[in-house]
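Reading through the structure tokens given below for one structure.
Since this is a predicted model, take the numbers as computed values, not measurements.
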Amino acid sequence: MKRQHHNDIRKVFDSHFHIIDKRFPLVANDGYLPDDFSCDAYLERTQAYELVGGAVISASFQAFDQTFLLAALEKLGPNFVGVTQLPSSISDEDVLALDACGVRAVRFNLERGGSESIENLESLANRIHELAGWHVELYVDSTCLSEIFYILRRLPMVSIDHLGLSKSGFNMLLKLVERGVHIKATGFGRVDLDVRQAIREICLANPDALMFGTDLPGTRTKRPFSDADLALIDESIDEELMEKIFFENAVSFYRPRTMSL
């Protein structure tokens, strides 16, 4: 069977990208503040693909601010969802209000901070899932997974960014994949592992686990997203998995307001 090329993909749901808008609060992270990356800039950068939706991810330098995220979701429309950072003290009413605007997950940024502390991971994860069906996302080096492995196993829904970053913790990541944890095929310029091999092994462990994302604009990475990353994924997987990785797995996980499988 003829293999598809990345520009032949029918539908893409981008599971991981950032919008940076200096009209809204930013907090310097280790002295770093990013350049603007607007919704219009994002849509222009992805216009070569059949982009049908995606997940806007709160970054360390946005901390607990919700204003940028709500503005981005309003601009991008109901096929897009938000992944925010929240204090554990947030009220049920505020969680439900964010849910109505399209927010679907809470992020714990263990690499750079800006989020709630890991001590509140289990309690907050269980609370938001019971309340609104949300999951938690972790920006974490896989070498640290052994310390929280049994917590993650108990959580109802979890995803991990950027293939877990490190080769040395990859076997622990695979154990979580086998137990239903989702993994983002994102940020290839951030990792120190063989991306092709990692993608193949994740798909073998659980074909429902992997979700493509651009990680645009690629702040503080050695190499931001390029079109070649799509071709790299294409070369790493069987043809029948393409729609799952580029669209279906993420749509099932994020439940955008006006899209279903």
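Panel note: side chain Thr186, backbone His162; a donor-acceptor pair is recorded below 3.5 Å. Looking only at distances, no side-chain donor or acceptor of Trp134 sits under 3.5 Å from a matching main-chain atom of Asn126. With hydrogens and angles disregarded, a donor-acceptor distance shorter than 3.5 Å links the side chain of Arg255 to the backbone of Gly133. Judged by distance alone, with hydrogens and angles left aside, the side-chain atoms of Gln85 form a donor-acceptor pair with the main-chain N or O of Ala59 at under 3.5 Å. Here the side chain of Ser166 pairs no donor or acceptor atom with the backbone of Gly169 at under 3.5 angstrom. At least one donor-acceptor pair closer than 3.5 Å links the side chain of Asn206 to the backbone N or O of Asp208. In this structure a side-chain-to-backbone donor-acceptor pair under 3.5 Å is present from Ser15 to Phe212. In this structure a side-chain-to-backbone donor-acceptor pair under 3.5 Å is missing from Asp94 to Ile90. Proximity of a side-chain donor or acceptor of Gln62 to a complementary backbone N or O of Ile19 within less than 3.5 Å is detected.
Residues Leu165 and Thr143 are not in side-chain contact: their nearest non-hydrogen atoms beyond the backbone lie 4.5 Å or more apart. Residues Lys167 and Val191 fail the side-chain proximity criterion, which asks for heavy atoms closer than 4.5 Å. At least one side-chain heavy atom of Leu110 sits under 4.5 Å from a side-chain heavy atom of Ile148. A heavy-atom distance below 4.5 Å is not found between the side chains of Phe247 and Val12. A heavy-atom distance below 4.5 Å is not found between the side chains of Phe149 and Ile151. Contact annotation: the side chain of Phe225 approaches that of Arg45 to within less than 4.5 Å [non-hydrogen atoms, C-beta and beyond]. Looking at His129 and Met157, their side chains come closer than 4.5 Å, going by heavy atoms from C-beta outward. At least one side-chain heavy atom of Arg190 sits less than 4.5 Å from a side-chain heavy atom of Asp215.
Look at Glu137 and Lys184 and you find a salt bridge, because one of the NZ, NE, NH1 or NH2 atoms lies within 4.0 Å of a carboxylate O, short of that distance. Taking the charged nitrogens against the carboxylate oxygens, Arg23 and Asp21 do have a contact shorter than 4.0 Å, which makes a salt bridge.
Between the side chains of Asp65 and Thr67, at least one donor N or O sits under 3.5 Å from an acceptor N or O. Between Asp14 and Tyr49, the side chains place no donor N or O within less than 3.5 Å of an acceptor N or O (distance only, hydrogens not considered). For the 3.5 Å distance criterion, the side chains of Asn29 and Arg220 qualify, holding a donor opposite an acceptor.
Leu176 and Leu152 get closest at one heavy-atom pair: CD1-CD1, 3.8 Å. Among all heavy-atom pairs drawn from Gly82 and Leu69, the shortest one is CA-CD1, 4.0 Å. Closest approach of Pro224 and Pro217 over heavy atoms only: CB-O, 3.8 Å. Residue Cys101 comes nearest to Leu73 through the heavy atom pair O-CD1, 3.5 Å, listed as atom of the first residue, atom of the second, then distance. Nearest approach of Asp35 to Lys22, heavy atoms of both residues: CA-NZ, 4.1 Å. When every heavy atom of Asp99 is checked against every heavy atom of Ala132, the shortest pair comes out as OD1-O, 3.8 Å.
Atom CD of Glu178 is surrounded by more than 12 heavy atoms from other residues, nucleotides or ligands within 6.0 Å. More than 12 heavy atoms of other residues, nucleotides or ligands sit less than 6.0 Å from atom CD of Glu240.
Atoms CD1 and CG, from Ile245 and Leu210 in turn, are 5.0 Å apart once rounded to the nearest 0.5 Å. Atom CG of residue Leu33 and atom CG of residue Leu26 lie 6.0 Å apart, to the nearest 0.5 angstrom. Taking CG of Leu163 as the reference point, atom OG of Ser142 lies at 9.5 Å (rounded to 0.5 Å). To the nearest 0.5 Å, the span separating CD on Glu119 from CG on Leu124 amounts to 12.5 Å. To the nearest 0.5 Å, atom CG of residue Leu86 and atom OG of residue Ser58 are 8.0 Å apart. Taking CG from Leu204 and CG from Leu241, the interatomic distance works out to 9.0 Å, rounded to the nearest 0.5 Å.
Annotation: side chain to side chain donor-acceptor pair (under 3.5 Å) contacts of Thr219 (sequence neighbours excluded): none.
Note on Leu96 and Ile128: same hydrophobic cluster, where clusters join Ile, Leu, Val, Met, Phe, Trp and Tyr whose side-chain heavy atoms are under 4.5 Å apart, directly or indirectly. Follow the hydrophobic side-chain contacts under 4.5 Å out from Phe68 and you reach Tyr32 in the same cluster.
Checked against the 6.0 Å centroid criterion, the rings of His182 and His135 do not qualify as a close aromatic pair. Annotation: Phe246 is not in aromatic contact with Phe13 [ring centroid separation under 6.0 Å not met].
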Salt bridge (charged side-chain N to carboxylate O under 4.0 Å, His left out) between Asp229 and Arg223, worked out: CA-CA 11 Å; Asp229 292 336; Arg223 178 184 67 76; 3.0 Å; yes
